[in-house]
Amino acid sequence: MNLKESKLYTVIFTFIISFAFIVILAFINSMTREKIAINSDLFMIKAVLNAMKIDYSTDQEAYKKFKDDAFLRKTVKKSKLNNNEYSIYRAFVNNENITSIINTGQGLWGEITMVTAFDENIDKIIGVDIISQNETPGLGGRIGEKWFKDQFTDEKIGNGIKMTLSDRKYGDTDHNNSSFDAITGATRTSERILFIINDSIKIMKN
Amino acid sequence: MKNSKTTVLIKNNIWINNPVFVQILGICSTLAVTNNFKNTLIMAVSVTFVTAFSNFTVSMLKSFIPNKVRMIVQTLIISFYVIIVDIVLKAYMPDISKALGPYVGLVITNCIIMGRAEAFAQANAPIISFVDGFLSGIGYMIVLLPIALIRELLSFGTFYGYSILPENYISMTIMITAPSAFFMIAVYIWIAKSISFNKKGDKK
């Protein structure tokens with residue numbers, strides 16, 4: 001009993017137990033690291049394809065289409081507005097030349113990285129998708145849901161996108177009004193999305 | 001003998017000493033995740049898993065743990081399991097991991113887990129501690145799931161992401177935000193206490 005409460009025992013015990021648990025975690029981590037990296041790559045790949053409305057049925061197909069340089073051409077664009085570099089993807093989909101841009105902006109808690117795809121003349125948005133975000137689950141986190149993203153499909157750009165208040169439960173379905181409905185309870189996150197999309201439009205137009 | 005002990009544990013964790021509506025533990029996560037049924041279900045399953053296994057491990061190691069560093073070691077064990085849950089979700093259920101985001105890490109701070117480790121696992125054998133931890137998680141689940149169901153239904157008109165209420169249903173914004181969880185828990189406690197008081201009255 002005394003031995004157990006001695007300082008030396010406490011130090012040795014704490015060291016051993018921390019060491020043992022960390023070794024196990026390191027082992028599990030090294031076993032799954034590759035899979036997690038593939039998953040995060042796939043998220044980016046699928047987001048780009050989704051935004052550009054390129055169909056795929058399996059992960060492998062998505063990967064193959066993304067890596068096919070003859071089909072999806074990747075370039076890096078240096079913006080004249082802020083000198084930052086952006087990844088741009090171009091493809092010929094559904095008889096249209098589509099361009100998409102990956103842009104990162106500040107969200108409510110962390111950064112939001114998203115893809116926005118445009119038609120040839122940047123007159124309309126083809127689609128959007130979220131690559132990564134740390135918004136509040138159940139509130140701002142809903143930007144990843146289909147109904148929210150679908151609001152931007154074939155949306156006319158006009159003088160930029162606006163946020164509107166729709167009386168419908170699932171967002172703004174009018175694709176000619178250059179508007180989308182914010183998420184109830186997550187107005188700040190919706191505003192950040194609005195900012196990133198309009199920023200992407202500016203970068204593409206200049 | 002063992003059966004009757006398990007029965008007592010079931011009664012205690014689910015009803016008499018329910019971690020949420022009697023002990024008022026784990027309230028932070030109750031307020032945060034319950035506006036979405038799916039997130040709540042995964043959260044509750046994660047908490048159940050972590051409570052059961054951390055209870056088991058604490059109980060296994062209890063005779064070696066010096067009293068002075070008891071709680072730090074418990075925290076170490078709890079975070080060990082939470083990190084495993086996080087890694088497994090990231091590797092095998094990436095969509096769910098994305099949806100829950102930072103909440104998985106916050107399982108560590110759930111007071112129920114530490115509470116059970118300290119109150120039960122420190123003084124009981126491994127297997128029964130595992131059962132106790134598991135049942136505590138179930139006790140947490142049976143409070144959270146009905147609240148999540150009502151909140152998601154009234155706020156978005158959906159259940160598990162599927163639209164249920166008619167298109168012209170006007171969402172109740174308050175049900176999305178945390179205050180509604182306070183109301184819901186209060187109502188839950190009210191109903192649960194009324195039932196248990198009535199039962200006591202009957203016995204007299």
Side-chain angles (χ1 to χ4, degrees), chain A residues 1 3-18 20-22 24-43 46 59 109-110 130-142 144-147 167-170 183-187, chain B residues 32-40 42-43 57 61 63-69 72-73 76-77 79-81 83-84 86-95 97-104 148 151-152 155-158 161 163 165-178:
Chain A
M1 186 62 201
L3 174 76
K4 205 178 109 179
E5 297 306 329
S6 76
K7 273 185 189 152
L8 187 66
Y9 177 87
T10 307
V11 170
I12 294 173
F13 175 83
T14 316
F15 178 80
I16 292 175
I17 195 156
S18 309
F21 279 132
I22 289 166
I24 299 170
L25 281 183
F27 178 68
I28 296 174
N29 185 44
S30 68
M31 269 188 355
T32 50
R33 192 170 44 202
E34 220 166 283
K35 193 151 176 55
I36 291 171
I38 292 172
N39 283 342
S40 114
D41 255 8
L42 260 176
F43 258 112
K46 283 181 180 171
D59 290 358
W109 303 121
I130 312 291
I131 297 174
S132 68
Q133 49 105 347
N134 290 303
E135 301 308 293
T136 322
L139 291 170
R142 291 171 62 98
E145 290 181 9
K146 193 176 173 297
W147 70 268
D167 52 357
R168 295 169 59 87
K169 195 166 54 144
Y170 280 109
I183 298 169
T184 312
T187 312
Chain B
V33 295
T34 50
N35 62 1
N36 185 311
F37 190 84
K38 196 176 172 187
N39 290 356
T40 310
I42 297 155
M43 184 73 178
T57 316
L61 296 173
S63 48
F64 305 103
I65 305 174
N67 219 17
K68 278 178 272 196
V69 291
I72 292 206
V73 173
L76 175 80
I77 294 168
S79 35
F80 170 76
Y81 284 110
I83 294 170
I84 291 181
D86 194 29
I87 292 178
V88 167
L89 284 181
K90 269 192 188 140
Y92 300 102
M93 291 173 234
D95 294 310
S97 167
K98 284 247 158 181
L100 277 178
Y103 284 171
V104 181
R151 281 186 73 190
E152 188 183 325
S155 56
F156 302 116
T158 57
S163 196
L165 295 183
E167 179 73 16
N168 55 6
Y169 168 75
I170 297 168
S171 326
M172 290 170 71
T173 312
I174 190 158
M175 295 311 279
I176 302 174
T177 51

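Every chain is numbered from 1 and lettered A, B, ... according to where its sequence line falls, protein lines coming before strand lines.
Interatomic distance, B:Leu76 CG to A:Ile17 CD1, rounded to the nearest 0.5 Å: 6.0 Å. Atoms CD1 and CD1, on A:Ile183 and B:Ile176 in that order, are 9.5 Å from each other to the nearest 0.5 Å. Atom CH2 of residue A:Trp147 and atom OG of residue B:Ser163 lie 11.5 Å apart, to the nearest 0.5 angstrom. Going from atom CG of A:Asn29 over to atom CD1 of B:Ile84 covers 11.0 Å, rounded to the nearest 0.5 Å. Here the straight-line distance linking atom CD1 of B:Ile87 with atom NZ of A:Lys35 works out to 14.0 Å at 0.5 Å rounding.
Interface remark: B:Ile65 contributes backbone and side-chain atoms alike to the contact with chain A (heavy atom separation under 4.5 Å). Looking at B:Asn39, only its side chain comes within 4.5 Å of chain A, counting heavy atoms on both sides. Only the backbone of B:Ser63 comes within less than 4.5 Å of a heavy atom of chain A; no side-chain atom from C-beta onward does. Proximity to chain B (any heavy atom under 4.5 Å) is shown, for A:Ser18, by both the backbone and the side chain.
The candidate with the highest count of non-hydrogen atom pairs below 4.5 Å against chain B, out of A:Ile24, A:Thr14, A:Ile22, is A:Ile24. The most heavy-atom pairs under 4.5 Å with chain A, out of B:Glu152, B:Lys38, B:Lys90, come from B:Lys90.
Inter-residue side-chain proximity for A:Thr32 and B:Tyr92 is flagged as met; some heavy-atom pair is nearer than 4.5 Å. With a 4.5 Å cut-off on side-chain heavy atoms, A:Tyr9 and B:Phe64 count as touching. By the 4.5 Å heavy-atom criterion applied to side chains, B:Thr57 and A:Phe21 are counted as neighbours. You'll find the side chain of B:Val73 reaches within 4.5 Å of the side chain of A:Phe13, heavy atoms only.
Heavy-atom minimum distance, A:Lys4 versus B:Pro66: O-CB, 3.4 Å. Between A:Asn39 and B:Ala91, the shortest heavy-atom contact is ND2-O, 2.9 Å. A pairwise comparison of heavy atoms in B:Lys68 and A:Glu5 identifies NZ-O, 2.8 Å as the closest pair.
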